[in-house]
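Structure first, commentary second.
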Amino acid sequence: MTNQMNSGNERVDLAYRRRKNAEEMRHQVIAFVLMILLTLIAFAAVGYEEFSHWFVIPFILLLAGVQVAFQLYYFMHMSHKGHEFPALFIYGGVLVMLVLVWAFSTIVWW
Amino acid sequence: MSTIARKKGVGAVLWDYLTTVDHKKIAHLYLISGGIFFLLGGLEALFIRIQLAKPNNDFLVGGLYNEVLTMHGTTMIFLAAMPLVFAFMNAVVPLQIGARDVAFPFLNALGFWLFFFGGVFLNCSWFLGGAPDAGWTSYASLALDSKAHHGVDFYTLGLQISGLGTLIGGINFLVTIINMRAPGMTFMRMPMFTWATFVTSALILFAFPPLTVGLIFLMMDRLFGGNFFNPAAGGNTIIWEHLFWVFGHPEVYILVLPAFGIFSEIFATFSRKRLFGYSSMVFATVLIAFLGFMVWAHHMFTVGMGPIANAIFSVATMTIAVPTGIKIFNWLFTMWGGSIKFTTPMHYAVAFIPSFVMGGVTGVMLAAAAADYQYHDSYFVVAHFHYVIVGGVVFALLAGTHYWWPKMFGRMLNETLGKITFWLFFIGFHLTFFIQHFLGLMGMPRRVFTFLPGQGLETGNFISTVGAFFMAAATVVLLINIVISVKGEKAPADAWGDGRTLEWAIASPPPVYNFAQLPLVRGLDPLWLEKMEGKKELTPAEPLGDIHMPNSSFLPFIMSFGLFVAAFGFTYHQETAWGLPVGILGLLITFGSMFLRSVIDDHGFHIHKEEVLELEKKGANA
């Protein structure tokens with residue numbers, strides 16, 4: 001939609017934007033490598049017979065949470081400016097769902 | 001494509017409406033179809049009251065009564081109140097925030113047609129064996145047992161389709177309000193109705209998915225051999241109740257928050273005063289929405305959740321009275337010291353306060369879990385939710401109809417007839433439902449098709465039936481008013497002379513592009529602000545230029561029609577050979593048209609500056 005810059009000139013601050021893009025690319029590659037690593041760890045945790053389920057399940061859920069954060073913040077640009085509303089609605093939805101689950105698991109059924 | 005207005009034939013007008021993506025025409029569509037479903041639901045209500053007019057009546061017996069009462073509730077909530085709310089959101093919100101349309105005009109049309117075909121599908125059940133008969137809540141234990149005909153399948157699939165439309169509409173308004181406000185229109189300068197729409201849309205976004213999940217489970221159980229709600233096979237019938245009410249309670253606020261928004265506009269306009277406590281109104285609206293998610297189990301106190309759950313949900317429910325109370329006092333203080341003009345919408349607004357407060361008070365009574373064991377499933381509950389929904393939502397919809405009719409259609413509704421409608425409806429409403437509190441306390445159960453003589457219930461029920469006919473008469477007067485308004489007085493831009501918000505700054509009805517130049521908003525109630533400084537119109541925020549518009553499209557209609565066909569196929573797929581192929585054909589139609597939408601480039605068109613100037617000149621003369 002509308003360009004946020006004051007000037008319509010595409011070449012304004014080209015050097016700055018190149019540096020910025022390169023930096024972002026680096027972050028994405030690092031996040032990507034980490035995500036693959038986390039996936040491998042998850043597979044290993046499930047595959048290793050010695051670990052009990054009581055350890056493995058919370059552990060891979062935790063890894064999944066980290067993956068979601070990487071996905072949102074590094075690949076879907078939620079760390080950038082102008083993503084306050086998506087963040088508000090994601091956290092709002094998570095809050096409502098957590099309260100629901102919490103209510104079910106504490107007062108409704110147990 | 002030319003935008004110069006000219007006389008069109010019936011076919012051309014019809015085609016125009018079938019393909020329109022203009023928020024103002026979609027508002028007309030919502031208003032007309034919601035209105036028709038409202039009449040249908042009203043007719044069903046009359047049948048219920050005729051059956052209960054005297055003891056041992058046999059006008060509607062047993063199963064048929066169950067069908068009528070189920071369809072009355074379902075129709076009124078999903079097919080009348082919701083679309084009528086959407087009608088006003090569509091007609092007004094883009095104008096109030098100074099936008100040329102909603103963010104996704106195509107999706108807006110899709111949302112309407114999905115709702116429409118879902119509603120038509122649901123009502124087809126009347127002609128195909130029988131309507132749903134498990135109550136509007138369709139509790140799984142009843143719904144899975146309703147095996148005589150396909151009624152409940154029409155409920156699940158029909159609501160699934162129209163629910164999809166509502167979800168699309170809600171998301172559309174969220175994006176519109178976040179992204180398309182005119183320059184200067186900060187969040188805390190948005191009119192109260194826009195705020196209500198924003199919060200309501202967020203509620204829709206979070207509340208409809210549980211309903212969707214519940215309906216899918218029910219569909220699986222009934223049509224595809226699932227066992228989600230079947231305890232004999234390891235399912236749990238209570239899950240439906242939870243899913244339904246996790247949706248169902250926010251749904252109440254989805255209906256009533258826009259109603260609050262409509263009344264906030266009306267109170268400020270006709271008290272000719274700024275809305276009292278604007279920021280606390282916004283706060284209260286958001287708080288009601290948030291708390292609305294924490295109280296669903298108060299519909300299930302007698303299910304046996306135990307004293308701890310009942311106590312917590314009981315207290316949580318009572319806290320909602322606090323933000324609602326804030327709102328009530330703000331409205332009263334808006335009127336206090338104002339120069340009040342008693343127009344028809346203002347009549348509804350003033351009558352709304354005591355009527356709705358009565359519904360609220362019985363609400364707090366019902367929230368007391370221990371007492372609820374007495375009220376549960378009696379006419380006391382029926383009286384309570386009709387006070388809230390009729391005294392709150394329907395009053396607001398009627399008020400909104402009178403208030404925004406000139407903006408939507410360019411003609412004033414007759415004030416005398418409007419006041420007659422109001423008095424008939426107001427008296428009829430209290431006559432019908434006030435007495436039902438006492439019928440309930442005397443022990444009359446809801447959803448039962450008859451009662452016996454000699455139990456002291458005759459007089460109360462007869463009075464209630466008389467009241468229902470008053471409301472019917474009011475509706476007839478409103479229809480007459482609408483018909484004669486075609487030749488009625490032409491409405492100027494500021495139709496009531498006291499408009500405060502942006503919609504009253506442009507012609508009635510607005511030109512297709514709404515604002516020739518987007519306005520600069522300098523404060524809350526921007527039009528009032530400019531008028532107080534002696535100006536006739538708003539300061540433009542941009543030079544006059546070509547205006548980009550979206551193209552009309554027939555695809556939303558076809559996409560929705562595909563789901564309509566598919567729903568028929570899947571309903572009958574178990575006992576007929578044609579069911580499955582028809583179901584698949586329907587889905588192919590839907591996905592095929594989605595594919596077309598993806599591959600065909602549609603860049604819209606421009607209305608050129610010269611055309612805009614010409615149209616503006618015409619609008620000024622008219």
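Every chain is numbered from 1, with letters handed out A, B, ... down the list of sequences.
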Looking at every non-hydrogen atom in both residues, tell me the closest pair between B:Pro94 and B:His23 and how far apart they are. CG-ND1, 3.4 Å

CD1 of B:Ile308: more than 12 outside heavy atoms within 6.0 angstrom? no

B:Met294 portion near chain A, given a 4.5 angstrom heavy-atom threshold: side chain

With a 4.5 angstrom heavy-atom cut-off, is it the side chain or the backbone of B:Val303 that approaches chain A, or both, or neither? neither

Between B:Phe228 and B:Trp240, is a ring pair (Phe, Tyr, Trp, His ring centres under 6.0 Å) present by the stated rule, with each step listed? CA-CA 9 Å; B:Phe228 289 104; B:Trp240 166 269; over 10 Å; no

Tabulate below the donor-acceptor pairs under 3.5 Å that side-chain atoms of residues 18-37 of chain A make, not counting sequence neighbours, or state none.
residue, atom, partner, partner atom, Å
A:Glu24, OE1, A:His80, NE2, 3.0
A:Glu24, OE2, A:His77, ND1, 3.3
A:Gln28, NE2, A:Tyr74, O, 3.3

Under a 4.5 Å heavy-atom cut-off, does chain A meet the side chain of B:Phe206, its backbone, both or neither? side chain

